[in-house]
There are 2 protein chains.
Amino acid sequence: MHTLAEENYLKAIYKLSLIAENVSTNQIAAELATKASSVTDMLRKLADKLLINYTRYQGVSLTQTGEKVAVNIIRRHRLWEYFLVEKLHFKWDEVHEMAEEMEHISSNELIDRLDEFMGFPTRDPHGDPIPDCNGNFKTNDLKAISAVDVNTCGIISGVRDHSSSFLQYLEKQGLTIGKKITIKEIITYDNTVVLQMNNKDLQISRDVANNLLIAL
Amino acid sequence: MHTLAEENYLKAIYKLSLIAENVSTNQIAAELATKASSVTDMLRKLADKLLINYTRYQGVSLTQTGEKVAVNIIRRHRLWEYFLVEKLHFKWDEVHEMAEEMEHISSNELIDRLDEFMGFPTRDPHGDPIPDCNGNFKTNDLKAISAVDVNTCGIISGVRDHSSSFLQYLEKQGLTIGKKITIKEIITYDNTVVLQMNNKDLQISRDVANNLLIAL
DNA sequence: TTATATTTTTAGACAAGCCTAAAAAATTTA
DNA sequence: TAAATTTTTTAGGCTTGTCTAAAAATATAA
Ligand SMILES: [Mn+2]
Ligand SMILES: [Mn+2]
Ligand SMILES: [Mn+2]
Ligand SMILES: [Mn+2]
């Protein structure tokens, strides 16, 4: 249906669209670690295929078709991540690169059967919602720890940074999906956040607090 | 490690090497549904990478390295086929094309975990042996039904033709892996073979008998 | 053993996807 | 508003993997 490169561009544009309506050439280049001139080439091709809305110098947005394709790729990615963690017992910091390849396996029948095999999971190992076979999913109503008031209590439910090093750090601290925490104090000097978890205190940096999401 | 195209060429050369020591350019072209000139281009590249032994006009054979790579791709292909049939309940005639894509997922750790998850199966859904993580596997000691004597008794254990139409035909006749049959008679007029299975007689054509393998 | 047919390779071209360098457009700063 | 900076596009080129057409090598037949 679509080439691997096209799929990766659509996914990148989708991801960037969540932050700002219109996505710029340079943003896409940064996201895909490629050059702006390469992006321009691909944008023309995606526009020809009616997958994006594109006028020169004006940035891009996904068409309805383009968005459907992008959501489907995300569905595949997150289902494979779930498979790798739940069935093959990989750790949550080990699965992203493998899923980057697996998301391009083209059969939708395969993905639907995989979904059924695993019991139609709704969240991937990082807390991100898994679109169903019609592309529907609940939008995450999560807040960064750095964005809630002191004495707020919540459940760790997602991350903003998916890097191995961040995920490994969280694992080590026991800050994993599903854990219940209370924000106890924000130290004014450097915005270090003091948390309580299992009746024990824990300090995390501003950076970590920015990238760790809780459901209230 | 290797490109998708390189992997497909190595697999094709491996497959053809089972029939004849030296593999010709045209044989590879036919196997991959490509042109002889494209094959020549690729052969030079594979020779440069020391994956094949190649002298112009002399045909090719795999080096030890090349064979290792080829066997590994076959291992991946067959493990994914097993997964698709045993875990996702696809039929044996539906899995080949999907496995053609999945065999190129590069992580060996993934394949080893998949192998473990499924209990280290030794045969794929078509009866072909699955190499273990060191590349070892039992060579099939099977005979085509057309090649055994009347009154021979055996277990259906493999196929030579992997096409959907052939596999669907076998399924319909109940001629599936593991079934016990006896060769009752070969009709001299057109070499139709009369089988007995579950105390019932069944006639198959010469063509079918050529492509259906039994263990004695 | 020479002529013919087949197989294989070479030559040249093309699409996809990427690059660098330069030009054009848009934005920011003065 | 004009100049400087940044962003985006264009121009031209490279690699991979493919193709067709023609040349070269090998195999077969007379
Ligand atoms: Mn991921
Ligand atoms: Mn994820
Ligand atoms: Mn197969
Ligand atoms: Mn098979």
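Basis for what follows: all heavy atoms, side chains included, without hydrogens, waters or symmetry-related copies. Numbered from 1 within each chain, the chains take letters A, B, ... in sequence-line order.
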Check: Looking at residues 11-34 of chain A, who's got a heavy atom less than 4.0 Å off DNA chain D?
Finding: A:Ser24, A:Thr25, A:Asn26
Check: What pairs meet the salt bridge (charged side-chain N to carboxylate O under 4.0 Å, His left out) rule with one or both residues in residues 47-74 of chain B, with sequence neighbours excluded?
Finding: B:Glu6-B:Lys49
Compare all side-chain heavy atoms of [X] with those of [Y] and state whether any distance is below 4.5 angstrom.
X        : Y        : result
B:Ile13  : B:Leu16  : no
A:Arg75  : A:Arg78  : no
A:Leu213 : A:Ile145 : no

Check: Does a side-chain N or O from A:Tyr9 land closer than 4.0 Å to OP1 or OP2 of C:dA16, or not?
Finding: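 Result: no.
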If I take atom [atom1] in residue [X] and atom [atom2] in nucleotide [N], what distance separates them, rounded to the nearest angstrom?
X       : N      : atom1 : atom2 : value
B:Ile52 : C:dT8  : CD1   : P     : 13 Å
A:Met42 : D:dT9  : CE    : C1'   : 16 Å
A:Arg44 : C:dA16 : CZ    : P     : 13 Å
A:Asn8  : C:dC18 : CG    : C1'   : 14 Å
A:His2  : C:dA16 : NE2   : P     : 14 Å
B:Glu6  : D:dT15 : CD    : P     : 15 Å
B:Asp41 : D:dC19 : CG    : P     : 10 Å

Pairs under 3.5 Å (N/O, protein and nucleotides 20-27 of chain C):
from, atom 1, to, atom 2, distance (Å)
C:dT20, O4, A:Ser37, OG, 2.9
C:dA25, O4', A:Tyr57, OH, 3.4

Check: Pick one: which of B:Glu7, B:Glu103, B:Glu101, B:Glu100 meets salt bridge (charged side-chain N to carboxylate O under 4.0 Å, His left out) with B:Arg76?
Finding: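 Going through the options one by one, the only one that passes is B:Glu7.
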Output side-chain donor-acceptor pairs under 3.5 Å for residues 31-40 of chain B, partner residues at least two apart or in another chain, one line each.
from, atom 1, to, atom 2, distance (Å)
B:Glu31, OE2, B:Lys15, NZ, 3.2
B:Thr40, OG1, B:Ala36, O, 3.2

Check: Which pairs count as side chain to side chain donor-acceptor pair (under 3.5 Å) when at least one residue sits in residues 119-131 of chain B, sequence neighbours excluded?
Finding: B:Glu81-B:His126, B:Arg123-B:Asn140, B:Asp128-B:His162
Check: Any idea which of C:dC19, D:dT8, C:dT9 is nearest the A:Ala36 side chain?
Finding: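 Shortest atom-to-atom distance from the side chain points to D:dT8.
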Check: What residue pairs, at least two apart or across chains, pass ring pair (Phe, Tyr, Trp, His ring centres under 6.0 Å) with a residue in residues 12-64 of chain B?
Finding: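 Ring pair (Phe, Tyr, Trp, His ring centres under 6.0 Å) check on residues 12-64 of chain B returns no pairs.
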Check: Between A:Ser163 and A:Asp161, does any side-chain donor sit less than 3.5 Å from a side-chain acceptor?
Finding: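 On atom types as modelled, these side chains qualify, holding a pair under 3.5 Å.
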